[in-house]
Amino acid sequence: MLTYVLSQFMVRKGRTLMCLLGVAVSVAMIVSILSISRGMRNSLNSYMKESGASLVVFDRSAADLAFSKVTAEEVDKLRTITGVEEVSRANFTMIMGPRLGDNAPAGAGLGIIPVFGRFYSERMIRKYESKLIAGRLPTKRSELLIGDLAAKKLKVKVGDQFPFFREELLGIPQYEVAGIFETDLSWENLGVVAHAEVIQQKTGPDFALVFVYTAPEDTARVREEVESKMPRLIARRSSEFTDRFNEQLAYIDEFIFLLSIIAGIVGVLGVLNTMMMSVSERTRELGTLRALGWTGRRVLGVIVIEGSFISIAGGLLGIGFGYLGTELLLAFFSRGYLVASYLPQTFLHGFLLALIVGLLGSLYPAMKASALQPAEALRYE
Amino acid sequence: MNDPLVRVSKAKKTFEGGLVTALDEVSLEIEAGSFVAITGPSGSGKTTLLNIVGAMDVPDSGEVFIDGELVASGKELDSIRARKIGFVFQMHNLIPVLTARQNVEIPMLPRPLTSAERRTRALQLLDEVKLEKRAESSVLGLSGGERQRVAIARALMNDPELVFCDEPTGNLDTSTGDLIHDLILELNRELGTGFILVTHDQGLASLATRILTMRDGRFEDEQAPA
Ligand SMILES: Nc1ncnc2c1ncn2[C@@H]1O[C@H](COP(=O)(O)OP(=O)(O)O)[C@@H](O)[C@H]1O
Ligand SMILES: [Mg+2]
């Protein structure tokens with residue numbers, strides 16, 4: 001049986017290969033998007049977790065952390081909740097490399113640099129202590145902590161002074177590199193930690209999020225109390241930050257689901273076309289098989305197996321392509337901002353997509369083939 | 001007295017919504033192991049008759065029994081063909097790319113046999129048709145006569161009662177065709193398998209147990225072989 005199925009691919013090598021590649025490209029696209037979305041989610045989770053905080057508090061209605069606002073009054077209120085040991089306020093901005101302007105060190109790279117605003121007296125900054133590869137933690141507002149990738153891009157080293165923001169915020173004309181850190185997250189390494197008050201000059205007085213430290217046994221209660229006292233805010237365990245960032249992630253998942261459907265339809269059309277052509281070219285041969293005693297059901301099975309074979313082979317190739325493509329994308333185009341995680345579920349998703357494509361795409365041709373009247377099929381020129 | 005292997009009574013078959021009468025109330029009985037030759041001009045209904053007798057198609061009216069089984073629509077015609085009947089066509093209808101042996105094995109694939117059992121049977125039949133040396137050659141590399149011999153071996157794979165050959169030498173030159181005819185005769189005598197052969201070769205027809213001549217969907221008077 002297998003020999004027969006494989007022989008069909010030999011007869012129609014070119015077309016089989018084209019169809020297979022079509023499925024592979026669809027699957028590769030989905031695998032790549034899924035890997036990157038999981039990677040970004042995981043990296044955000046581990047970023048939050050690495051803060052060492054028990055809870056992360058942010059704006060419930062914000063579609064993205066970039067739009068989250070927690071006011072100074074709310075921070076004060078947080079501090080009064082029993083069980084809250086400490087809070088660390090954080091804000092955030094992004095600057096373009098070119099903002100360095102004429103005063104940029106020679107050859108400094110372009111592109112977007114995330115800037116994480118922290119208070120140097122608060123607990124959150126201490127997480128960098130163990131990540132330092134040069135220098136020390138910053139203590140003054142005019143000092144910066146720079147990720148190792150950002151340091152390379154900006155071509156600066158510990159002790160260097162340069163006008164980090166074009167505007168002379170807070171009257172600081174030059175910023176000094178206090179230390180250089182390296183974490184596991186490439187986008188954090190591409191970033192710069194600046195004093196939160198400097199960022200406030202650009203983004204206003206509110207904070208994007210607040211890290212809350214509690215004793216482990218208090219965490220659940222504090223979380224409930226934060227949310228009941230300040231319904232505008234949402235408090236999440238730092239380790240499950242993105243799991244609970246529902247709206248935004250549901251949106252991404254829906255988007256991927258939609259893409260999967262589109263990729264699936266493209267794949268189904270490819271398999272459908274290939275198998276329809278194969279069935280119509282093979283009319284006499286199928287009539288012969290029926291004359292020799294093959295049942296219509298067996299013919300149906302053979303066509304479905306053929307279609308699924310092409311599609312599954314395409315799927316496996318697509319998983320390989322997806323992996324390699326993502327790695328290439330990360331290596332050459334993402335400049336470190338994208339992160340991928342390759343989960344078994346992602347590969348399974350790609351495989352199932354291919355399987356469904358194969359089954360759906362070959363079902364109609366298979367039904368056509370099995371409905372052929374053998375006597376008629378043999379008259380076919 | 002045994003029942004005949006095939007009994008056809010008043011089988012009628014029309015096409016094109018009744019405009020073309022391909023078989024006009026034909027009746028026929030065929031004994032097991034016989035060698036029947038069918039001749040007649042093109043379009044006289046020979047292929048239609050084979051299709052109906054070979055459980056490929058059902059008559060519009062009339063009855064067909066094969067080995068006691070009624071052939072009618074809604075019945076498992078595939079299974080009757082698989083168990084009782086073999087076909088050899090004018091065009092060999094072999095599957096390119098596959099080897100001679102793999103082609104011969106095709107009718108047996110639906111059966112629950114090991115590949116070794118299938119292989120043994122296929123090689124044995126290729127031996128019968130004197131092609132054992134080409135068993136592992138792709139059919140693309142075989143001559144027309146060799147391909148037709150592979151097709152005959154394939155028709156015998158399920159050990160049928162009756163093999164239908166529809167102008168099996170129509171695409172071959174005379175001397176190759178004669179060899180095929182000799183082979184069919186030999187198989188009929190040796191294996192006791194019945195053959196129904198559509199042919200224009202009067203010489204061969206004269207060797208048959210019976211000769212049926214068709215015209216306009218009916219038999220002309222049956223001739224006893226000379
Ligand atoms: N499936 C079909 N559809 C329409 N006409 C058919 C079909 N099969 C056979 N015929 C017609 O029936 C007649 C007998 O055909 P056939 O049995 O093939 O003759 P033969 O084999 O003797 O040449 C012819 O007129 C042919 O055109
Ligand atoms: Mg004919």
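FYI, side chains are in, hydrogens and waters are out, and symmetry mates aren't considered; it's all heavy atoms of this structure. Chain A is the first sequence line, chain B the second, and so forth, proteins listed ahead of strands; every chain is numbered from 1.
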| query | Going by an N to O cut-off under 4.0 Å, is there a salt bridge joining B/Arg7 and B/Glu63? | reply |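 Salt bridge: no.
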
| field | A/Phe347 side chain near A/Leu316 side chain, heavy-atom distance below 4.5 Å | value | no

| request: Count the heavy-atom pairs under 4.5 Å between each of A/Gly296, A/Ala291, A/Ala375 and chain B, then report the option with the highest count. | output: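 Winner by heavy-atom pair count: A/Ala291.
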
| message | I need the residue from B/Pro110, B/Ala82, B/Pro107, B/Gly54 with the largest number of non-hydrogen atom pairs under 4.5 Å to chain A. | response | B/Pro110

| Side-chain donor-acceptor contact under 3.5 Å, A/Thr288 with B/Asn93 |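 A pair is found: one side chain offers a donor N or O, the other an acceptor, under 3.5 Å apart.
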
| field | Pair B/His200-B/Thr39, side-chain donor/acceptor within less than 3.5 Å | value | no

| query | For B/Asn158, is it the side chain, the backbone, both, or neither that has a heavy atom closer than 4.5 Å to a heavy atom of chain A? | reply |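 The side chain, not the backbone.
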
| query | Quick one: what part of B/Phe164 sits under 4.5 Å from any heavy atom of chain A, side chain, backbone, both or neither? | reply | neither

| query | Between B/Glu117 and B/Thr120, is any side-chain donor less than 3.5 angstrom from a side-chain acceptor? | reply |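 There is no such pair (donor and acceptor under 3.5 Å, judged by atom type) between the side chains of B/Glu117 and B/Thr120.
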
| task | Between chain A and each of B/Gln102, B/Arg81, B/Glu76, B/Arg154, count heavy-atom pairs under 4.5 Å; write down the option with the most. | result | B/Arg81

| At a heavy-atom separation under 4.5 Å, does A/Leu378 approach chain B through its side chain, its backbone, both, or neither? |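 For A/Leu378, side-chain heavy atoms alone lie under 4.5 Å from chain B.
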
| field | Top contributor to chain A contacts, counting heavy-atom pairs under 4.5 Å, from B/Asn103, B/Leu50, B/Leu98, B/Leu77 | value |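 Of the candidates given, the most pairs with chain A belong to B/Leu98.
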
| task | With a 4.5 angstrom heavy-atom cut-off, could you sort out which part of A/Arg290 is near chain B: side chain, backbone, both or neither? | result | both

| query | Which value, rounded to the nearest 0.5 Å, describes the distance between A/Thr274 atom OG1 and A/Leu269 atom CG? | reply |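 So the OG1 of A/Thr274 and the CG of A/Leu269 are separated by 10.5 Å.
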
| Taking the side chain as C-beta and beyond, is there a heavy-atom pair between B/Leu70 and B/Val64 under 4.5 Å? | no

| query | Which answer fits A/Gln8, side chain, backbone, both or neither, if we ask what part of it has an atom under 4.5 Å from a heavy atom of chain B? | reply |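 Only the side chain of A/Gln8 comes within 4.5 Å of chain B.
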
